[in-house]
J.: 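One structure is given below, represented as structure tokens, and several questions about it will come after.
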Amino acid sequence: MTVDPGHPAGPTRGSKIVAMGHYQPARVLTNEDLSKMVDTSDEWIRDRVGIVTRRIADNETVADMAAAAADKALANSGLTAADIDLIAVATCSSIDRCPNVATRVAAKLGVTAPAAYDINTACSGYEYALATVDHAIRAGAARNAIVIGAEKLTDITDWTDRSSCVLFGDGAGAAVVSAVADGEEPGIGPVLWGSAPEMGNVLTIEGWRPYIQQNGQTVFRWATFALPALAEKACTAAGITPKDLAAFVPHQANLRIIEPLARKLGVEDAVVAKDIVESGNTSAASVPLALSKLIERREVPSGAPVLLFGFGGGLTYAGQVIRCP
Ligand code: ACO
């Protein structure tokens, strides 16, 4: 069998995150700005959700932001575009169906002939994408990948609906993921993933001109009651307990979800990502965006265990313990 050198055959022991990068558009939308657009207030938004600012993309597309984050991750990794044989993008807000965001990123970065796919499980998309890439590297179908979460949620936001327009923002986060060397421990643990399809109608982005619509209270109750046990299972799958975690990076949906989730999981001593405050809810971009910032600020030691945990529309969820690059 002839094997394209860009798509190596032969299974590996596993993969690890080598480096990360992120991108956010320049325009900042404050709660004060929103209070001039809809009947809301800085006090309500801070109190109910914990958001102070969010970033809004004007001219940038999902692919532009994805490529900018990927470019930074690649620069931080020491690899070049020629080394990359797989690109996976998690997004639920890309308007174009074809070509997908992953091939657009490949074209912008000059990556030739990568396997390239998009994945949509809404706000848990990044953890799903990371798992599929880890599985591909374990199976020997890829060696060096870029895994991106990128969203332009403000394209699908109803700016007249105060219950949702105060929540969302735009941005992207990316990781370079490589096969571990012989004898090296894998840096991406087993994924705990699943869904609650019977709750599909509580969060939707439907139709030809879609807007995000949700029953916020139902999502809120599900997130705070059902998810702590699932997040703990992701730790168990990695052979650790939540107490061993150096950091917890959950989907940035609401500070009033993140804080009880962390408390119920028992990770008070760990660094808990709270990028929601400055970035709002960026769906599949929120976890890689928050993790990339923690790494950039050197808040988590290299090699330390970090639980990533996403949840959102579908309803879907996924999480895994990774070793901090
Ligand atoms: N400003 C002022 N008042 C508001 C606003 C606002 N922006 N939005 C709603 N209100 C009002 C409502 O009209 C209501 O008024 P009423 O009592 O007179 O009827 C009151 O505030 C309470 O509204 P609720 O919807 O009950 O507010 P709640 O406390 O539940 O907060 C929120 C809403 C923030 C959406 C919360 O339910 C939540 O965070 N849910 C989870 C969201 C989530 O995690 N989604 C999943 C991820 S997103 C994704 O997957 C794309």
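Values below: every heavy atom of this structure, side chains too, minus hydrogens, waters and symmetry copies. Note that ligands are numbered from 1 as they come in the structure, with each ligand's atoms numbered from 1 the same way.
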J.: Work out which heavy atom in Gly313 is nearest to a heavy atom in Ala122; give both atom names and the distance.
T.: N-CB, 3.5 Å
J.: Any non-hydrogen side-chain atom of Leu130 less than 4.5 Å from a side-chain atom of Val177?
T.: yes
J.: Quick one: do Asp39 and Arg162 make a salt bridge, cutoff under 4.0 Å?
T.: yes
J.: Who's the nearest protein heavy-atom neighbour of atom 44 (O) of ligand 1, and how far?
T.: Ala253 CB, 3.2 Å
J.: How long is the straight-line distance from CG of Asn201 back to CG of Asn215, given to the nearest 0.5 Å?
T.: 8.5 Å
J.: May I ask you to check if Lys152 and Phe168 form a cation-pi contact, with NZ or CZ under 6.0 angstrom from the six-membered ring centre and within 45° of the axis?
T.: no
J.: Any chance the side chains of Tyr117 and Thr132 put a donor and an acceptor closer than 3.5 Å?
T.: yes
J.: Could you measure the distance from the CG atom of Leu203 to the OG1 atom of Thr218? Nearest 0.5 Å is fine.
T.: 10.5 Å
J.: Using side-chain heavy atoms (C-beta onward) and a distance below 4.5 Å, is Gln320 in contact with Ile188?
T.: yes
J.: Does atom 25 (O) of ligand 1 have any protein heavy atom closer than 4.0 Å?
T.: no
J.: Considering the options Phe309, Trp193, Phe311, which one meets the ring pair (Phe, Tyr, Trp, His ring centres under 6.0 Å) requirement together with Tyr128?
T.: Trp193
J.: Show me which atoms of ligand 1 lie under 4.0 Å from any heavy atom of Phe220.
T.: 40 (N), 41 (C)
J.: Please say whether Gln214 places an N or O atom under 3.5 Å from an N or O atom belonging to ligand 1.
T.: yes
J.: Look at atom 19 (O) of ligand 1 and say whether a protein heavy atom is found at less than 4.0 angstrom from it.
T.: no
J.: Taking only Lys NZ, Arg NE, NH1 and NH2, and the carboxylate oxygens of Asp or Glu, determine whether Lys16 and Glu185 approach each other closer than 4.0 Å.
T.: no
J.: Does some non-hydrogen atom of the protein lie less than 4.0 angstrom from atom 2 (C) of ligand 1?
T.: yes
J.: Counting each atom of ligand 1 from 1 as listed, which ones have a heavy atom of Ile257 under 4.0 Å away?
T.: 41 (C), 44 (O)
J.: Pick, from Ile51, Asn254, Val166, the option with the minimum heavy-atom distance to atom 38 (C) of ligand 1.
T.: Asn254
J.: Flag Gln217 as yes when one of its N or O atoms lies below 3.5 Å from any N or O atom of ligand 1, and as no otherwise.
T.: yes
J.: How far is atom 50 (O) of ligand 1 from the closest protein heavy atom, and which atom is that?
T.: Cys123 SG, 2.6 Å
J.: Tell me, which protein residue and heavy-atom name are nearest atom 27 (O) of ligand 1, and how many Å apart are they?
T.: Arg48 NH1, 3.4 Å
J.: Is Gly313 in contact with ligand 1, taking contact as a heavy-atom separation below 4.0 Å?
T.: yes
J.: Using the rule salt bridge (Lys or Arg N to Asp or Glu O under 4.0 Å), only one of Arg54, Lys293, Arg55 pairs with Asp275; which is it?
T.: Lys293
J.: Who's the nearest protein heavy-atom neighbour of atom 48 (S) of ligand 1, and how far?
T.: Asn281 ND2, 3.3 Å
J.: Considering all protein heavy atoms, does one lie under 4.0 Å from atom 22 (C) of ligand 1?
T.: yes
J.: Is a salt bridge present between Asp96 and Arg104, judged by a nitrogen-to-oxygen distance below 4.0 Å?
T.: yes
J.: Among all the protein's heavy atoms, is there at least one whose distance to atom 30 (O) of ligand 1 comes out below 4.0 Å?
T.: yes
J.: Does ligand 1 have a heavy atom under 4.0 Å from the side chain of Thr40, from its backbone, from both, or from neither?
T.: both
J.: Relative to ligand 1, is Leu153 under 4.0 angstrom through side chain, backbone, both or neither, heavy atoms considered?
T.: neither
J.: Any atoms of ligand 1 less than 4.0 Å from a non-hydrogen atom of Val49? List them with their elements.
T.: 34 (C)
J.: Could you tell me whether some N/O pair between Ala122 and ligand 1 is separated by less than 3.5 angstrom?
T.: no
J.: Tell me: protein heavy atom nearest atom 10 (N) of ligand 1, and distance?
T.: Trp44 CZ2, 3.4 Å
J.: Kindly confirm or rule out an N or O of Ser283 lying under 3.5 angstrom from an N or O of ligand 1.
T.: no
J.: Just so I know, are the side chains of Cys324 and Ser302 near enough to count as touching, which here means a heavy-atom distance under 4.5 Å?
T.: no
J.: Report the nearest protein non-hydrogen atom to atom 7 (N) of ligand 1: residue, atom name, distance rounded to 0.1 Å.
T.: Arg162 O, 2.8 Å
J.: Side chain, backbone, both or neither: which part of Ile205 has a heavy atom under 4.0 Å from ligand 1?
T.: neither
J.: Using distance alone, determine whether His251 and ligand 1 share an N or O pair under 3.5 Å.
T.: no
J.: As an exercise, state the distance from CG of Asp170 to OG1 of Thr61, rounded to the nearest 0.5 Å.
T.: 11.0 Å
J.: Can you tell me which portion of Val38 lies within the under-4.0 Å heavy-atom range of ligand 1? Options are side chain, backbone, both, or neither.
T.: neither
J.: Could you work out, for atom 40 (N) of ligand 1, the closest of Ala284, Gly312, Ser286, Gly216 by heavy-atom distance?
T.: Gly216
J.: Is it true that a side-chain atom of Thr53 and a backbone atom of Glu278 form a donor plus acceptor pair closer than 3.5 Å?
T.: yes
